[in-house]
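To start, the structure under review is shown below, and the notes come after it.
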Number of protein chains: 2
Amino acid sequence: MTTEAAYLKQYDASRFPAPLVTVDSVLFTLHQQALCVLLVERAQPPQEGRWGLPGGFIDMAHDDSTRATALRKLTEKTGISPAWLEQLDTFSGPDRDPRGWSLTVAWFALIAWADCQPRITSVSDARWVPVGALGDYPLAFDHGEIVAAALRRLRQKTMYSLLPVYCLPDTFTHGQLQEATEIVLGQPIQRKSLIRRFEASGMFEETGESLATGARKARLWRRKPGVDIHLFSRNLLAD
Amino acid sequence: MTTEAAYLKQYDASRFPAPLVTVDSVLFTLHQQALCVLLVERAQPPQEGRWGLPGGFIDMAHDDSTRATALRKLTEKTGISPAWLEQLDTFSGPDRDPRGWSLTVAWFALIAWADCQPRITSVSDARWVPVGALGDYPLAFDHGEIVAAALRRLRQKTMYSLLPVYCLPDTFTHGQLQEATEIVLGQPIQRKSLIRRFEASGMFEETGESLATGARKARLWRRKPGVDIHLFSRNLLAD
DNA sequence: ATAATAGTGTCTGTCAGACAATATGGA
DNA sequence: TCCATATTGTCTGACAGACACTATTAT
């Protein structure tokens, strides 16, 4: 038996103290002109009754990675996979969870409201909360900080990509993307600048359909399958 | 006793299986016109004899966060704190470590070669490896992937900030920053563009001294204390 | 003086901001 | 037709790329 094999045979991870590891996600969507985040009411201690991010422990028997854990937990709540999912950061320390030294891997996700609305309303412990109304929800642990970090990431990335499309349904108009972008950034943007980027990105194709929202019909677009997000070399709203 | 307090009293984290958690850092520096990464030869199994990133387990009695773990491990090897330290990503899964389901929090760090060189040469198991020579070093676990991710982060961020200054000594010249930037990006940049950004960043002040490297003396600069890194709204080398 | 490196001036190209002009479709 | 919204045209400004030009210092 090699040294390596002998070592592994006698190795017992449970002999060492380990931090409490969780995976939490900040899932955003857009609904009624507001940026919303998915919160879950905690049914068990610790912090029973407070609101928190959807997440939980890694299921080592089934999860391939913390991404899988995040997806599993989000799918339980929304019924579908988010259109966008990226790792945000980790948050750790001896005091953030009363059970002891803990570490959470935080993920940042986007989804179209229409795609998961039926499931959310049927899950009574989950709720979409407009980010402006977060003050009314006492958040568990350091989840407020995590949401704040996710918001910064979303806003920063919206400056140099068309990330808000991942909050829109499969087909959408320029106007919907403009509205989504303005809600995320919290200020109006130049439609012309957006459309220039939209063309330059190479990410989209026309469906041939069009949508009458108010006056003139607007063309409908979809994301080209298999095409990655385009990052621009300049920011919007550079000031 | 409240429900919460009762719950915490009976809670025993060790009853639940937990992933193996480590903290690893990718520390870069510049030396002899090359971008180098600090590697450590593994003295213990698993993967004894292979090279890996400096890192290890969280010391829950002393580390306030995984940042503290990263700093502690880096300081052991280099003798000083890195000039730049940010979280890179986490890497996790059942197969990346032979001991079982594991998760590593990866940090990305920069330091000036002169600031830690004496210590490194005296620590026989640590070595600066030029990134071009990484092929000669069989890396443990998925540390090759982690280094690749750190390199992408470094190069991307160099496009919209003056991040390579954190690889320079306390005082430095425009020429040294240009050289550092060119080594990181792997291609020449316009000195004029760099100096325009240097001025606009507001991050630096003259020392009053100057340095004769070859011909005309160059002014020496230092980072203004307490001033954060400046992010530009456009990339260099946008193409 | 010459060479070599430091530092400046300035023109061009790209793309975001601004907003005017035109197109379309329903009432 | 008229209005609201969609879409396009085009001018301006900021800033990176390019490169010529001037300044300084060791030899």
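We name chains A, B, ... by the order of the sequence lines, and we start the count at 1 in each one.
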Distance check: side-chain N/O of B:H174 vs OP1/OP2 of C:dG7, anything under 4.0 Å?
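For B:H174, the contact criterion (side-chain N or O under 4.0 Å from OP1 or OP2 of C:dG7) is met.
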Taking 4.0 Å as the cut-off, does a side-chain nitrogen or oxygen of B:Q190 come that near to OP1 or OP2 on D:dA18?
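It does, given that an N or O in the side chain of B:Q190 lies less than 4.0 Å from OP1 or OP2 of D:dA18.
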Distance check, rounded to the nearest 0.5 Å: A:N235 atom CG versus B:R234 atom CZ?
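A:N235 CG to B:R234 CZ: 10.5 Å, rounded to 0.5 Å.
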When rounded to the nearest 0.5 angstrom, what is the spacing between CD in A:Q156 and OG in A:S161?
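Those atoms lie 10.0 Å apart.
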Rounded to the nearest Å, what distance is computed from the [atom1] atom of residue [X] to the [atom2] atom of nucleotide [N]?
| X | N | atom1 | atom2 | result |
| --- | --- | --- | --- | --- |
| B:F198 | C:dA6 | CZ | P | 14 Å |
| A:Q178 | C:dG17 | CD | P | 12 Å |
| A:H230 | C:dC15 | NE2 | C1' | 13 Å |
| A:M159 | C:dC15 | CE | P | 18 Å |
| B:E206 | C:dA6 | CD | C1' | 13 Å |
| A:I195 | D:dG9 | CD1 | P | 12 Å |
| A:L185 | C:dA16 | CG | C1' | 14 Å |
| B:R216 | D:dT27 | CZ | C1' | 17 Å |

Could you check which of [options] has an atom nearest any side-chain atom of [X]?
| X | options | result |
| --- | --- | --- |
| A:R234 | C:dA16, D:dT24, D:dA6 | C:dA16 |
| A:R196 | D:dT25, C:dA16, D:dG17 | C:dA16 |
| A:A218 | C:dG17, D:dA6, C:dG7 | D:dA6 |
| A:K217 | C:dG9, C:dG26, C:dT5 | C:dG26 |

CA sep, side-chain torsions, deciding dist, call: B:H174, B:W221, ring pair (Phe, Tyr, Trp, His ring centres under 6.0 Å)
CA-CA 8 Å; B:H174 288 155; B:W221 302 81; 5.1 Å; yes
Under the side chain to side chain donor-acceptor pair (under 3.5 Å) criterion, do B:T90 and A:Q87 qualify, and how do the steps go?
CA-CA 8 Å; B:T90 72; A:Q87 204 175 126; 2.8 Å; yes
Decide yes or no, distance alone: a donor-acceptor N/O pair under 3.5 angstrom between the base of D:dG17 and the side-chain of B:K192.
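Check fails, no donor-acceptor contact within cut-off.
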Quick one: on DNA chain D, does B:F232 or B:S210 contact a more 5' nucleotide (nearest heavy atom)?
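First, find each residue's nearest nucleotide; the 5'-ward one identifies B:F232.
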Sugar-phosphate only, base, or nothing, as touched by [X] at under 4.0 Å among non-hydrogen atoms:
| X | answer |
| --- | --- |
| A:I189 | nothing |
| A:R191 | base |
| A:R197 | sugar-phosphate |
| B:R219 | sugar-phosphate |

List, one per line, each side-chain donor-acceptor pair under 3.5 Å for residues 102-111 of chain B, sequence neighbours excluded.
| from | atom 1 | to | atom 2 | distance (Å) |
| --- | --- | --- | --- | --- |
| B:S102 | OG | B:R96 | NH1 | 2.8 |
| B:T104 | OG1 | B:T22 | O | 3.3 |
| B:T104 | OG1 | B:T22 | OG1 | 3.0 |
| B:T104 | OG1 | B:D24 | OD2 | 2.7 |

